[in-house]
Amino acid sequence: MLEQSNSEISNSIGKKISACLIFGLELSALLLLLGNGGNIPWLPPVLVFSLVGISLLTGLLFPFLWHYLERKQKNDSTKIYGFLYGGIRYCIAFNIIAFGWKKFYGLQFIVPTEISSMPMNQQTGEWLTWFYFGYSHAFGIIIAVIQIIGGYLLLFQKTLLIGAIILFSLLLNLTLINIFYQMNAGALMQSVILTIGVFFLIL
């Protein structure tokens, strides 16, 4: 029964497109996180954006090639779907865990002195948000712990669902903050992609 259900899922072109596209988006988000700031010598910005382009293009084209080969060769594509699903899980997990550890090491919620000394009505929503969340170190650590634990829960099949539910509520709230407090485009894109990915895992 379960094998039949998995086969029906993987045989659907719609499911193939969504799985491949979301995997491409999650991989791109992870690549952008790793390449942010250009601190890794072997991962310069030009290589990062090239890999992002390749992953997105592959995510768009591969489902049609996959569907065509499956119809032609009459193969069960459950293994491919499982690989993509696992890839989505690991990309999201490593991305979120990295953001959690950044908070532990004080690499987030930092506001330069020249910005924090300005009157509140002269600051952008982004700096006000970072200053507000950075005011309480304990609160930042709590968010970091939730991110790290939730990320690790995604790595294991038995704890996947609970981890995805925990992270979805956190990421949805984060996405709304990024939208309505006018955070930078990179932060907004990361939160939207991660939220979509976690929602896909829940479904």
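Under the 4.0 Å criterion applied to side-chain N and carboxylate O atoms, Glu70 and Lys16 are assigned as salt-bridge partners.
When all heavy atoms of Ala98 and Leu33 are compared, the pair lying nearest together is CB-CD2, 3.6 Å. Considering all non-hydrogen atoms of both residues, Val198 and Ala164 come closest at CG1-O, 3.0 Å. Phe109 approaches Gly134 most closely through the heavy-atom pair CB-CA, 3.5 Å. Among all heavy-atom pairs drawn from Cys20 and Leu84, the shortest one is SG-CD1, 3.7 Å.
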Start with the C-alpha gap between Gln108 and Lys102, add the side-chain angles, then the distance that decides, and say whether side-chain hydrogen bond (donor to acceptor under 3.5 Å, both in side chains) holds. CA-CA 6 Å; Gln108 285 194 314; Lys102 277 187 174 184; over 6 Å; no
Does the side-chain contact (heavy atoms from CB on, under 4.5 Å) test come out yes or no for Phe131 and Ile115, once each step is laid out? CA-CA 9 Å; Phe131 184 82; Ile115 299 294; over 6 Å; no
Could you walk me through whether Asn184 and Leu188 satisfy the side-chain contact (heavy atoms from CB on, under 4.5 Å) test, starting with their C-alpha distance in whole Å, then the side-chain angles of each, then the deciding distance to 0.1 Å, before giving a yes or no? CA-CA 6 Å; Asn184 66 78; Leu188 175 60; over 6 Å; no
Take Thr159 and Tyr152 through the test side-chain contact (heavy atoms from CB on, under 4.5 Å) and record every step on the way to the result. CA-CA 9 Å; Thr159 56; Tyr152 278 115; over 6 Å; no
Would you please test Leu56 and Leu60 for side-chain contact (heavy atoms from CB on, under 4.5 Å) and show each step? CA-CA 6 Å; Leu56 291 176; Leu60 288 171; 5.6 Å; no
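Screening residues 171-203 for ring pair (Phe, Tyr, Trp, His ring centres under 6.0 Å), with sequence neighbours left out, gives Phe168-Phe199.
Remark: side-chain polar atoms of Gln182 are not paired, donor with acceptor, to backbone N or O of Thr124 under 3.5 angstrom.
The OG1 atom of Thr113 sits 13.0 Å away from the CE atom of Met118 when rounded to the nearest 0.5 Å. Here CD1 of Ile88 is found 8.0 Å from OH of Tyr85. Values are rounded to the nearest 0.5 Å. Between the CZ atom of Phe49 and the OG atom of Ser28 there is a distance of 11.0 Å, given to the nearest 0.5 Å. The distance from the CD1 atom of Ile96 to the CD1 atom of Ile146 is 11.5 Å, given to the nearest 0.5 Å. To the nearest 0.5 Å, the span separating CD1 on Ile142 from NZ on Lys103 amounts to 13.0 Å. One distance of note links CD1 of Ile54 with OG of Ser50; it measures 6.5 Å at 0.5 Å rounding.
Side-chain contact between Val145 and Ile149: present, with at least one pair of heavy atoms (C-beta onward) separated by less than 4.5 Å. Put simply, the side chain of Ile13 does not reach to within 4.5 Å of the side chain of Trp66, judged on heavy atoms. Between His67 and Lys15, the closest side-chain pair of non-hydrogen atoms is not below 4.5 Å. A heavy-atom distance below 4.5 Å is found between the side chains of Ile17 and Phe64.
A continuous path of ILVMFWY side-chain contacts below 4.5 Å connects Phe23 to Leu203, so both sit in one hydrophobic cluster. In this structure, Ile80 is not a member of the same hydrophobic cluster as Leu61, with clusters built from ILVMFWY side-chain heavy atoms closer than 4.5 Å. In the hydrophobic clustering of ILVMFWY residues, with side-chain heavy atoms under 4.5 Å counting as a link, Val46 and Leu51 come out apart. One hydrophobic cluster, built from ILVMFWY side chains closer than 4.5 Å, holds both Leu194 and Leu172. Cluster annotation: Trp127 and Ile110 are assigned to distinct hydrophobic clusters (Ile/Leu/Val/Met/Phe/Trp/Tyr, side-chain heavy-atom contacts under 4.5 Å, transitive).
Checked options Asn95, Thr195, Thr175, Asn178; the residue passing with Gln190 is Asn95 (criterion: side chain to side chain donor-acceptor pair (under 3.5 Å)). The only option from Leu154, Leu155, Ile202 that meets the side chain to side chain contact (heavy atoms under 4.5 Å, CB included) definition with Leu160 turns out to be Leu154.
Open room surrounds OH on Tyr135; 12 or fewer heavy atoms of other groups in view lie less than 6.0 Å from it.
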